[in-house]
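Remarks on the structure that follows.
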Amino acid sequence: MEIISSPRLNEQYYQVKHPSGLTILLYPMEGFQSSYALFATQYGSVDTCFKTDQDSDFVEVPEGIAHFLEHKLFDNPTGPNADELFAAQGASANAYTSFDRTAYLFSCTQNFEQCIEILLDFVTKPYFTPESVQKEQGIIGQEIMMYQDDPNWRLFFNMLGGMYQTNPVRLDIAGTVESISHIDDQLLYRCYHSFYNLNNMVLSVAGNFSPEQVLATADRILPTAPPLTLQRQTPPEPTAVLNHLQTQFLPVSMPQFSLGFKVEPAAHSQQLQNSIYDDLLLDMIAGEATEFYRRLYDSGLINATFSTQSDQGRGFAFAMFSGESRDPQGVQEKICQEITRLQSQGLSQELFENYKKAAYGHYIGMYGTVNGAASLLLTTAFAQMDGYGPLEIIANVTLEEITERLMLLDTSQYTLSIISPSEESEYVNPA
Amino acid sequence: MNTQHKRISWENGIALNQIQDSKFKHSLISIYFMLPLQKDSASSRAIVPFLWRNSSATYPNLSELNWKLNDLYGADLTASVGRSNGWQTICLSIRTLDNRFALNQEDLSLLSAQLLLDLILNPHLDENNLFFEDEFLLERQYLIDTIESEINDKRTYSQMRCQEVMNPNSPISINPYGTVEQAEKTTNQDVVSAWKTLLEQAHIEVFLTSAQSCQKVQEYMQQKLTSLQRNPIPLKLVPCQQTANPLQEVKEHLEVQQSNLVMGFRVGDLSSLEHQDAARVFSALYGGTPSSKLFMKVREEMSLCYFCSASIQLNNNIMLVSSGIEAKNKNAAQQAILEQLTAMQQGDFSEDEWNKAKGVLCHSMTATQDSLSYLPHWYFSQIWSDTPRSPQQAVQAIQAVTREQVIEIAHRVELDTIYFLTGKENS
């Protein structure tokens with residue numbers, strides 16, 4: 001067991017490479033009532049083409065299968081499903097699928113040992129049948145329709161759909177009603193056995209719990225995983241965006257926009273650091289302390305919903321500005337002009353120090369909740385980084401490093417996604 | 001138990017809630033101004049916190065103010081407008097890093113309290129003691145946009161509409177932001193008057209949540225707030241209808257793919273703590289958890305929907321059951337929802353279901369103590385009670401609720417309104 005400490009926080013966590021192949025991260029947090037555990041695999045919606053040494057060639061799978069698999073793992077043909085088992089312990093359970101991972105989690109304030117056993121057990125014991133797959137298609141079909149009505153979801157995925165030509169990040173995480181109709185139990189097993197290899201997974205636990213209980217349960221439950229021979233294939237992605245403009249009409253009250261800049265993707269080991277730097281960079285371009293933000297806000301071009309976000313993954317990276325505006329294209333022009341200006345004139349040292357101080361405070365806060373700490377440890381483990389790495393990166397970042405990221409932004413490679421009020425919509429004003 | 005809470009009445013309708021727990025890495029100071037919710041004043045009051053959030057006489061524009069917030073290690077300022085039992089709640093809060101992490105021993109708690117009160121008491125006014133017209137116009141427009149954007153989240157929007165239909169003349173269903181028409185008519189002078197009314201007449205609840213006792217902060221805030229000239233309106237619960245009207249059905253159309261069905265019920269008189277505790281358990285059993293009757297039947301067994309859940313408003317005597325469904329399944333979903341209510345009335349819930357519902361409720365209440373933001377919300381909800389309780393005391397009360405008490409609550413539940421939001425093709 002390795003102990004990893006942070007003098008800044010005066011805290012530590014434990015890291016174990018379990019004999020099963022699983023990486024286990026244990027973060028006891030004094031004074032907390034609850035504990036939070038995440039059991040995750042590096043398998044997400046972008047993993048649509050892969051092989052192992054059991055396969056003669058790469059296989060392509062339908063969109064949305066990682067998410068479908070997440071739903072199906074909760075099933076148990078011989079008794080109560082995982083949700084019911086957690087509920088019987090008074091715990092709250094959930095799961096999520098993102099671009100690059102699927103995670104199963106619980107939060108509890110009692111019966112921790114029982115809960116960790118349930119978690120390790122149900123995720124490592126898949127069971128799928130044609131009947132259960134068909135039933136889930138109905139439920140996920142409803143989920144997909146719910147997201148189709150969600151302006152924020154459509155705004156984001158329309159942006160990605162316009163930015164990326166081939167990379168699977170452009171696909172809806174849940175797939176489509178049509179794509180999930182091609183999923184069957186055999187395909188689910190194939191994906192499961194390829195990606196849910198314990199060498200490809202991490203268990204991260206934070207809060208009020210006993211590390212010894214976790215390790216004893218892992219010893220009892222987890223089988224030894226075979227060596228990981230997984231290979232993923234991502235289609236080559238051109239530098240250029242597919243479309244500069246994506247528009248959709250939905251019954252919203254005013255236009256919403258997401259302006260994404262396509263950034264050169266980095267190697268896996270660099271992605272998390274790049275993302276941290278890019279978040280700081282975006283604050284320096286258009287954060288609320290900048291004169292630029294103030295000009296946009298005072299002119300009514302943006303409002304308090306304006307935000308920035310960056311993300312990086314296999315073969316993709318982007319920086320994004322979003323919000324509501326009556327003139328999204330006006331906002332896009334102004335942001336491109338501002339980026340060009342900064343690339344020419346440079347970033348302010350004073351502004352950099354100001355935002356660096358703010359980021360330092362925010363990152364300390366991420367270790368302040370059980371779910372925040374467990375999630376950050378999981379993210380850093382997948383990025384092959386120490387759990388306190390993000391805090392140290394922020395504490396030591398230089399203006400030169402942020403300037404390097406600024407110079408990578410290409411203002412000709414953007415996609416502007418707009419959701420506008422439907423021309424025919426009758427907005428019912430609750431007077 | 002680490003968490004300590006004390007509520008101290010300062011003079012003149014102001015109370016301090018001090019919540020201390022050494023595990024927190026940030027502190028949170030929230031100041032709530034509460035006034036009876038009224039249709040004709042809601043919008044002018046709702047604009048005030050958004051003006052507070054942007055500037056003060058000391059920090060006269062957004063960039064200067066945010067520069068200061070960054071300098072406080074990324075302090076977060078939040079303005080909010082809400083409704084609590086027919087009262088409008090106007091809140092400004094600041095979340096700051098705990099003093100022990102300050103790199104230069106700054107007293108971040110005191111600095112953030114000073115900033116918060118500067119924004120509230122010392123706004124950025126022009127030579128005529130009005131807000132600067134361009135700032136006022138921007139925030140008025142933002143309020144209008146906020147009201148209009150309530151339609152974006154169909155689930156929340158549908159619940160709001162159902163409640164409006166159920167209680168058309170009650171403050172418990174007045175939109176705390178007011179209406180678009182009202183906001184458009186609001187003048188700069190109206191907002192200045194609203195600001196003064198908040199300081200003079202609102203009941204004020206201060207929440208100070210931190211790892212340390214922050215004695216200097218308490219003294220500072222007490223001195224500043226109690227020196228105001230005030231004539232506060234005493235807090236009082238709004239009487240709420242207890243029994244159902246003849247059933248009414250409302251159907252509305254938007255361009256949606258998934259329909260939203262909201263069934264509104266009346267739950268009788270829930271003024272006693274025993275009834276409220278039983279109602280919480282009833283709601284959890286019926287439709288409040290993934291092992292509840294509604295989730296297991298309407299979603300899991302019948303595959304009719306992605307969500308189907310129940311929520312009870314204890315001080316308003318209302319329960320809403322909301323579900324996302326295909327339009328063709330409306331009648332089937334309605335019938336299934338009512339059948340499960342009948343099952344509850346007949347005591348048709350197993351020991352396993354019973355234990356799960358209580359377990360999830362107790363877990364949620366206990367976990368509240370780990371959250372810097374949920375903990376003050378918890379104690380805020382307790383200000384209406386004659387016998388406020390900590391989350392742990394509430395857990396003990398939930399554990400003592402009996403099956404008979406829950407069945408009694410089930411028998412009080414009466415259907416009042418059905419609200420259905422569906423696509424235009426279904427008109």
Any luck finding a side-chain donor-acceptor pair between B:T422 and B:S259 under 3.5 Å? yes

Could you go through A:N354 and B:N70, starting from their C-alpha distance and side-chain angles, then the distance that decides it, and tell me whether this counts as side chain to side chain donor-acceptor pair (under 3.5 Å)? CA-CA 6 Å; A:N354 185 249; B:N70 284 350; 2.8 Å; yes

Largest heavy-atom contact set with chain B, pairs under 4.5 Å, which of A:G368, A:P80, A:A87: A:A87

Chain A contact via B:D98 - side chain, backbone, both or neither, heavy atoms under 4.5 Å: neither

Chain B contact via A:D298 - side chain, backbone, both or neither, heavy atoms under 4.5 Å: both

Turns out that what part of B:F24 lies under 4.5 Å from chain A's heavy atoms comes down to neither

Between B:E353, B:K68, B:E139, which residue shows the highest count of heavy-atom pairs closer than 4.5 Å to chain A? B:E139

Would you verify whether the NZ or CZ of A:K357 falls within 45 degrees of the ring axis of B:Y73 while also being under 6.0 Å from that six-membered ring's centre? yes

For each of B:F101, B:W67, B:F295, tally heavy-atom pairs with chain A at distances under 4.5 Å, and name the one with the top tally. B:W67

I'd like to verify something: which residue of B:S63, B:G359, B:C362, B:S364 has the highest number of heavy-atom pairs under 4.5 Å with chain A? B:S63

Between B:D370 and chain A, which part of the residue has a heavy atom less than 4.5 Å away: side chain, backbone, both or neither? both

Considering only heavy atoms, which portion of A:R295 lies under 4.5 Å from any heavy atom of chain B: side chain, backbone, both, or neither? neither

Side chain, backbone, both or neither: which part of A:L9 has a heavy atom under 4.5 Å from chain B? both

Pick one of side chain, backbone, both or neither for A:E30, based on which atoms fall under 4.5 Å of a heavy atom in chain B. backbone

Do B:E135 and B:N61 meet the criterion of a side-chain donor-acceptor pair at a distance under 3.5 Å? no

Cation over ring, B:R155 on B:F307, under 6.0 Å and within 45°? yes

Identify which part of A:A91 has an atom lying under 4.5 Å from any heavy atom of chain B, answering side chain, backbone, both or neither. backbone

Region of A:E11 that comes under 4.5 Å of a non-hydrogen atom in chain B: side chain

Picking from A:Q142, A:R8, A:H362, which has the most non-hydrogen pairs under 4.5 angstrom with chain B? A:Q142

Could you walk me through whether B:S322 and B:Q159 pass the side chain to side chain donor-acceptor pair (under 3.5 Å) check? CA-CA 7 Å; B:S322 59; B:Q159 290 170 343; 2.9 Å; yes

Whether over 12 other heavy atoms sit under 6.0 Å from A:N10 CG: no

Using non-hydrogen atoms only, which part of B:D76 is less than 4.5 Å away from chain A: side chain, backbone, both, or neither? side chain

Residue from A:T369, A:L351, A:D150, A:V370 scoring the most non-hydrogen pairs under 4.5 Å with chain B is A:L351

If you count heavy-atom pairs under 4.5 Å between each of A:Y360, A:Y355, A:Y293, A:Y297 and chain B, which one has the most? A:Y297

Under 3.5 Å, is there a donor-acceptor pair linking the side chains of A:N303 and A:E324? yes

Compare every heavy atom of A:S420 with every heavy atom of A:V252, then report the nearest pair and how far apart it is. CG2-C, 3.8 Å

When rounded to the nearest 0.5 angstrom, what is the spacing between CG in A:L105 and OH in A:Y36? 4.0 Å

Ring-plane angle category for A:Y27 and A:Y367, please: parallel below 30°, perpendicular beyond 60°, tilted otherwise. tilted

Just give me the residue among B:R100, B:K358, B:E300 that pairs up with chain A most often, heavy atom to heavy atom, under 4.5 Å. B:E300

Do you know which of A:K135, A:M145, A:M146, A:E291 has the most heavy-atom pairs under 4.5 Å to chain B? A:M146

Given that the side chain runs from C-beta out, which part of B:T366 has a heavy atom under 4.5 Å from chain A: side chain, backbone, both or neither? both

Ignoring hydrogens and geometry beyond distance, is a side-chain donor-acceptor pair present between B:D21 and B:T3 at under 3.5 Å? yes

Can you find a side-chain donor-acceptor pair between A:Q89 and B:H363 that sits under 3.5 Å? no

CG-CG distance between B:L77 and B:L65, expressed to the nearest 0.5 angstrom: 6.0 Å

Pick from A:C108, A:G300, A:S92: which one has the most heavy-atom pairs with chain B under 4.5 Å? A:C108

Examine whether an atom of B:E326 lies under 4.5 Å from a heavy atom of chain A, and if so say whether it belongs to the side chain, the backbone or both; otherwise answer neither. both

Measure B:L138 against the heavy atoms of chain A and call it side chain, backbone, both or neither at under 4.5 Å. side chain

For the candidates B:N355, B:D71, B:L103, which exhibits the highest count of non-hydrogen atom pairs separated by less than 4.5 Å from chain A? B:D71

